[in-house]
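First the structure, in the form of structure tokens, and then the observations on it.
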Amino acid sequence: MAKLKTLYEQLPRQERLAAGFVLDHPQEVAVMSMREQSRIADVPPSTMTRLAKRLGFGGYDELRDVFIATIRRQGLEYESRVPGLVAMKKTQGEDSLLRDLAGTTLAHIESLCQQDNLAAILRTGKLLSEARTIYCLGLRSSFPVAFHFHYISSWFTANVQLIEGGGESGIMTLMHDIGPKDVLLVASLAPYARRAVTLTRYLAQQRVKIAAITDNASSPLARLATETIIVKKKTTSFFDTLTPALLVSELLVALFAANARVDIQSAVKKTEEQLWAAGEWWSLN
């Protein structure tokens with residue numbers, strides 16, 4: 001938006017805040033409602049409308065349409081990566097393709113061992129260990145990350161809840177006593193699930209602490225988070241890898257277990273015995 005950049009310094013303070021959001025977050029402008037955007041920009045919705053009209057639009061929806069059209073012209077990200085995957089297989093062979101995919105994922109995992117990332121994981125582990133209740137949220141492709149943390153935690157504690165369920169039943173777990181003693185562990189990688197952002201924002205408004213596993217420091221989840229762990233995800237494949245995010249969930253649950261204030265060994269033993277008794281695992285006996 002060249003016109004917006006030109007007018008930026010001349011705008012009143014509130015409209016300048018709105019303009020800054022629009023310039024810095026074009027994808028959010030395309031996918032979020034005006035009210036959601038005004039909340040993040042910390043301005044009234046009327047300010048977004050005034051900004052749009054100052055730019056010559058009839059209202060904010062017309063401004064949004066410009067950003068939607070721009071994103072559509074850029075093409076669909078996953079679809080646009082398919083030819084490269086197919087071409088690599090044809091020119092270099094399946095063996096090279098697999099080695100490239102595995103090597104890239106290993107490099108992403110190694111990046112988690114950088115000091116800044118380790119420090120973020122440790123801080124997040126401390127946040128989780130001090131929580132009254134931990135809510136786990138991951139939608140669409142990020143669901144396995146949240147589920148994995150919840151599943152392992154359920155072996156030794158009952159204060160971890162997974163936000164999911166048929167018929168929208170999962171959200172009912174949030175309709176009770178929630179507040180600053182609680183933590184939301186949310187996983188979301190671009191393209192970010194709209195409902196994950198909406199629920200995270202709601203919990204942040206209830207003063208629940210947010211621990212985010214995401215792929216960008218400027219993602220809508222990171223901007224709401226108390227602690228953020230950044231994971232890399234792109235590979236040669238048309239679809240992004242979830243492996244680094246899953247590893248983070250395992251590292252966090254290991255820290256959570258190590259710092260738990262209960263007898264972990266007894267709790268795990270009891271769960272294991274109950275699962276065998278319930279016939280959940282195959283046995284020759």
Side-chain angles (χ1 to χ4, degrees), residues 105-138 142-164 170 173-174 177-189 196 200 203-204 207-215 217 219 221-222 224-233 241-278 280-281:
T105 302
L106 285 171
H108 291 344
I109 290 173
E110 288 177 356
S111 72
L112 290 175
C113 297
Q114 295 175 0
Q115 191 55 46
D116 288 349
N117 291 333
L118 288 177
I121 293 171
L122 288 170
R123 290 194 304 270
T124 302
K126 186 174 187 297
L127 195 68
L128 296 172
S129 69
E130 295 173 348
R132 176 182 60 180
T133 302
I134 300 171
Y135 296 96
C136 299
L137 175 63
S142 296
F143 175 75
V145 181
F147 175 82
H148 198 44
F149 182 93
H150 171 263
Y151 171 73
I152 300 174
S153 298
S154 66
W155 278 68
F156 59 86
T157 185
N159 76 325
V160 179
Q161 296 194 35
L162 183 65
I163 305 173
E164 58 92 32
T173 61
L174 307 177
D177 181 25
I178 57 175
K181 294 181 180 179
D182 305 314
V183 173
L184 171 70
L185 177 62
V186 57
S188 189
L189 312 178
T200 300
L203 289 173
R207 297 191 298 158
V208 172
K209 297 180 179 68
I210 309 298
I213 302 172
T214 189
D215 59 332
S219 79
L221 282 304
L224 294 166
T226 307
E227 294 292 348
T228 302
I229 301 170
I230 303 297
V231 296
K232 295 181 179 180
K233 59 172 186 149
T241 177
L242 202 61
T243 304
L246 275 169
L247 177 57
V248 168
S249 74
E250 293 185 341
L251 296 176
L252 289 176
V253 79
L255 286 173
F256 184 41
N259 293 319
R261 302 187 184 109
V262 298
D263 184 346
I264 292 290
Q265 185 173 359
S266 296
V268 171
K269 179 183 178 183
K270 181 179 179 181
T271 300
E272 198 167 7
E273 289 173 344
Q274 289 174 329
L275 288 170
W276 278 114
E280 286 296 298
W281 289 323

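Values in this document were obtained by computation on a predicted structure and should not be read as measured data.
Atom CD of Q265 has 12 or fewer neighbouring heavy atoms from other residues, nucleotides or ligands inside a 6.0 Å radius.
Ring planes of W281 and W276: perpendicular class, angle over 60° (limits at 30 and 60°). Ring geometry, F147 versus H150: the interplanar angle falls from 30° to 60°, so the pair is classed tilted.
With L252 as the partner, the side-chain contact (heavy atoms from CB on, under 4.5 Å) test is satisfied by one option alone out of L127, L122, L128: L128.
Between the CD1 atom of I121 and the CG atom of L247 there is a distance of 7.5 Å, given to the nearest 0.5 Å. To the nearest 0.5 Å, atoms CD (E280) and OG1 (T271) are separated by 12.5 Å. The line from CZ of F256 to CD1 of I264 is 8.0 Å long, rounded to the nearest 0.5 Å. Rounded to the nearest 0.5 Å, atoms CD1 (I229) and CG (L118) are 10.0 Å apart. Residue L203 holds its CG atom at 10.0 Å from CG of L224, rounded to the nearest 0.5 Å. To the nearest 0.5 Å, atoms CG (L246) and CZ (F149) are separated by 13.5 Å.
Contact annotation: the side chain of E250 approaches that of H148 to within less than 4.5 Å [non-hydrogen atoms, C-beta and beyond].
No side-chain donor-acceptor contact under 3.5 Å links D182 to the backbone of V208. A donor-acceptor distance shorter than 3.5 angstrom exists from the side chain of K209 to the backbone of P180, with no hydrogens or angles considered.
Side-chain atoms of S219 and T214 include a donor-acceptor pair closer than 3.5 Å.
Residues P244 and H108 come closest through the heavy atom pair CG-CB, 3.7 Å.
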